[in-house]
Amino acid sequence: MPKEAPLNSGALLETVPVGPRQRVSEMQVKLHRWAVADPGRRFDDLFNLVHDPATLIVAFDRVAGNRGAGTPGVDGLTAADVEETLGVPGFLDDLRARLKAGAFRPLPVREKTIPKPGGSGKVRRLGIPTIADRVVQAALKLVLEPIFEADFKPVSYGFRPKRRAQDAIAEIHLYGTCGYRWVLDADIAACFDEIDHVALMDRVRRRIKDKRVLALVKAFLKSGLLNELGELQDTYTGTPQGGILSPLLANIALSGLDEHLHRAWESGGELSTEYRRGRRRAKGLPSWRLVRYADDFVVLVHGTRQDTEALREEVV
């Protein structure tokens, strides 16, 4: 059973006259260090970190600096409107007060469809949250990401700090020069639309005990969608593309795939040493590597086509 671990947030955000970015950075470093040191730790008392003034300031800066800052949600407000009309300090003070009082409720996301690249004629459905909801999502991400980064496997590259698509491509090229000649190239159909909320929240609870944080995450999942016809739809599955928290939640959900295929490479696993891999090859058994970028992934196989097809059946 995971150990219960109350978190002394007062020790993290001491009243030291440092800038918000430094305070948030120090908080993230400590959360990550504690998560790495104790893989079974469940974190409590994180909600105070989410609505801490420093966290909200950094969160708003990130929202305002995003390319979509000028795209409004269902309330019609952009980041510029907040800055020029409402004023950022007052906006964040009100948001923090609502969070602390338990009165914050996310609004439905606004649906926007854009064509997928490549001229296929297919479209990607985005869900655009309000600026206030984006700030709270960004604050949640600042607190949750360093914890879950401690658990994510090195095989995933999408939407993770200091990891790029170029890194994933370089890894694939490297494996290709090491005998991994068969490649299963796949993606997860409608991944962001179809993520099961119950399974996702179960994985979130493995690390997070704070009921207020869990309730916030669930509220965003269930916030609903206002489609382009002006119709309000409930969201029973998925996490909307366009939400700041969505890539992290998708990685948490998809980490089950990473864990399954990477387990053999971990200490004691059947592929963990060159000696063990050599013995498998001598018996005509395959080895494999996974490289995942968000909902796209490849499995590279050192073996035969039949081995690759068998792995495909296992993954599907």
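These figures come from a predicted structure and were not determined experimentally. Hydrogens, waters and symmetry mates are skipped; everything else that's a heavy atom, side chains included, is used. Position 1 is the first residue of the sequence, and the numbers go up from there.
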Starting from the C-alpha separation in whole Å, work towards a yes-or-no answer on side chain to side chain contact (heavy atoms under 4.5 Å, CB included) for R292 and L261. CA-CA 11 Å; R292 181 175 65 80; L261 288 177; over 6 Å; no
CD1-OG distance between I195 and S246, expressed to the nearest 0.5 angstrom: 8.0 Å
Closest non-hydrogen atoms of D133 and L107, given as atom of the first, atom of the second and distance, are OD2-N, 2.8 Å
Between the side chain of D210 and the main-chain N/O of D45, is any donor-acceptor distance below 3.5 Å? yes
Nearest heavy-atom pair of D196 and A199: which atoms, and what distance? OD1-N, 2.8 Å
Measure the acute angle between the ring planes of F104 and F220, then classify it against the limits of 30° and 60° as parallel, tilted or perpendicular. tilted
Check: R207 side chain, A35 main-chain N or O, donor-acceptor pair, under 3.5 Å: yes
Side-chain contact, heavy-atom cut-off 4.5 Å: P106 with Q137? no
Would you call D167-R164 a salt bridge at under 4.0 Å N-O? yes
Once rounded to the nearest 0.5 Å, what's the spacing between atom NE2 of H302 and atom CH2 of W182? 13.5 Å
Counting C-beta onward and ignoring hydrogens, is there a side-chain heavy-atom pair between V315 and H260 closer than 4.5 Å? no
Are the side chain of E111 and the backbone of E228 linked by a donor-acceptor contact shorter than 3.5 Å? yes
Nearest heavy-atom pair of K141 and L248: which atoms, and what distance? CG-CD2, 4.3 Å
List the steps and the verdict of side chain to side chain contact (heavy atoms under 4.5 Å, CB included) for F297 and L254. CA-CA 11 Å; F297 67 94; L254 294 175; over 6 Å; no
Mind listing the closest non-hydrogen atom pair of G73 and R110 along with its distance? O-NE, 4.0 Å
Between R181 and C178 (side chain of the first, backbone of the second, donor and acceptor by atom type, cut-off under 3.5 Å), is there such a pair? no
So, does Q28 use its side chain to make a donor-acceptor pair with the main chain of L142 at under 3.5 Å? yes
Do the charged groups of R281 and E274 touch, with an N to O distance under 4.0 Å? yes
Counting distance only, does the side-chain N/O of R124 pair as donor-acceptor with the main-chain N or O of I114 below 3.5 Å? no
Any chance the side chains of T304 and D307 put a donor and an acceptor closer than 3.5 Å? yes
As an exercise, state the distance from CG of L144 to CG of L245, rounded to the nearest 0.5 Å. 6.5 Å
What verdict does the side chain to side chain contact (heavy atoms under 4.5 Å, CB included) test give for L46 and L31, after you've listed the backbone C-alpha separation in whole Å, the side-chain angles of each residue and the deciding distance to 0.1 Å? CA-CA 10 Å; L46 295 176; L31 288 174; 4.0 Å; yes
Report yes if the side chains of E314 and L311 come closer than 4.5 Å at any heavy-atom pair, otherwise no. yes
If you count heavy atoms of other groups shown closer than 6.0 angstrom to CZ of R62, is the number above 12? no
Within the structure provided, determine whether L249 and M201 are in side-chain contact (heavy-atom separation under 4.5 Å). no
Take V299 and T308, measure what side chain to side chain contact (heavy atoms under 4.5 Å, CB included) needs, and give me the verdict at the end. CA-CA 8 Å; V299 181; T308 309; over 6 Å; no
Side chain to side chain, V301 and L184, heavy atoms closer than 4.5 Å: no
Joint hydrophobic cluster, W265 plus F152, side-chain heavy atoms closer than 4.5 Å: no
Can a salt bridge be assigned to the pair E149 and R160 using a cut-off of 4.0 Å between side-chain N and carboxylate O? yes
Calculate, to the nearest 0.5 Å, the distance between atoms OG and CG belonging to S223 and D234 respectively. 10.0 Å
Who passes side chain to side chain contact (heavy atoms under 4.5 Å, CB included) against D187, sequence neighbours left out? D296
Count I, L, V, M, F, W, Y as connected when their side-chain heavy atoms are under 4.5 Å apart, and connections chain through other members. Are V63 and V24 then in the same cluster? yes
Transitive ILVMFWY side-chain link I188 to L290, under 4.5 Å: yes
Are R280 and P286 packed together at the side-chain level, in the sense that at least one heavy-atom pair is separated by less than 4.5 angstrom? yes
Grouping I, L, V, M, F, W and Y whenever their side-chain heavy atoms are under 4.5 Å apart, do F148 and V29 come out in a common cluster? no
To the nearest 0.5 Å, what is the distance between CD1 (I147) and CZ (F43)? 4.5 Å
Heavy-atom check, side chain of F47 versus side chain of L99, under 4.5 Å: yes
Would you call D202-R206 a salt bridge at under 4.0 Å N-O? no
Would V88 end up clustered with L56 when hydrophobic side chains under 4.5 Å apart are linked, directly or stepwise? yes
Do the side chain of R289 and the main chain of L300 share a donor and acceptor less than 3.5 angstrom apart? no
At what distance, to the nearest 0.5 angstrom, does CG of D151 lie from CG of N251? 12.0 Å
Is the shortest distance from a Lys or Arg side-chain nitrogen in R305 or E309 to a carboxylate oxygen in the other one below 4.0 Å? yes
Would the number of heavy atoms belonging to other residues, nucleotides or ligands and lying under 6.0 Å from NZ of K222 be above 12? yes
Report yes or no: does D75 contribute a side-chain atom to a donor-acceptor pair with the main-chain N or O of T130 at less than 3.5 Å? no
Counting distance only, does the side-chain N/O of H197 pair as donor-acceptor with the main-chain N or O of K218 below 3.5 Å? no
With the side chain counted from C-beta on, respond yes when Y293 and I169 share a heavy-atom pair under 4.5 Å apart, and no when they do not. no
Can you name the closest pair of heavy atoms from T55 and L49 and give their distance? OG1-O, 2.7 Å
Closest heavy-atom pair and its distance - A69, I131: O-CD1, 4.2 Å
Any donor-acceptor pair under 3.5 Å linking the side chain of W288 with the backbone of Y180? no
Over 60° means perpendicular and under 30° means parallel, so tell me whether F192 and F159 are parallel, tilted or perpendicular. perpendicular
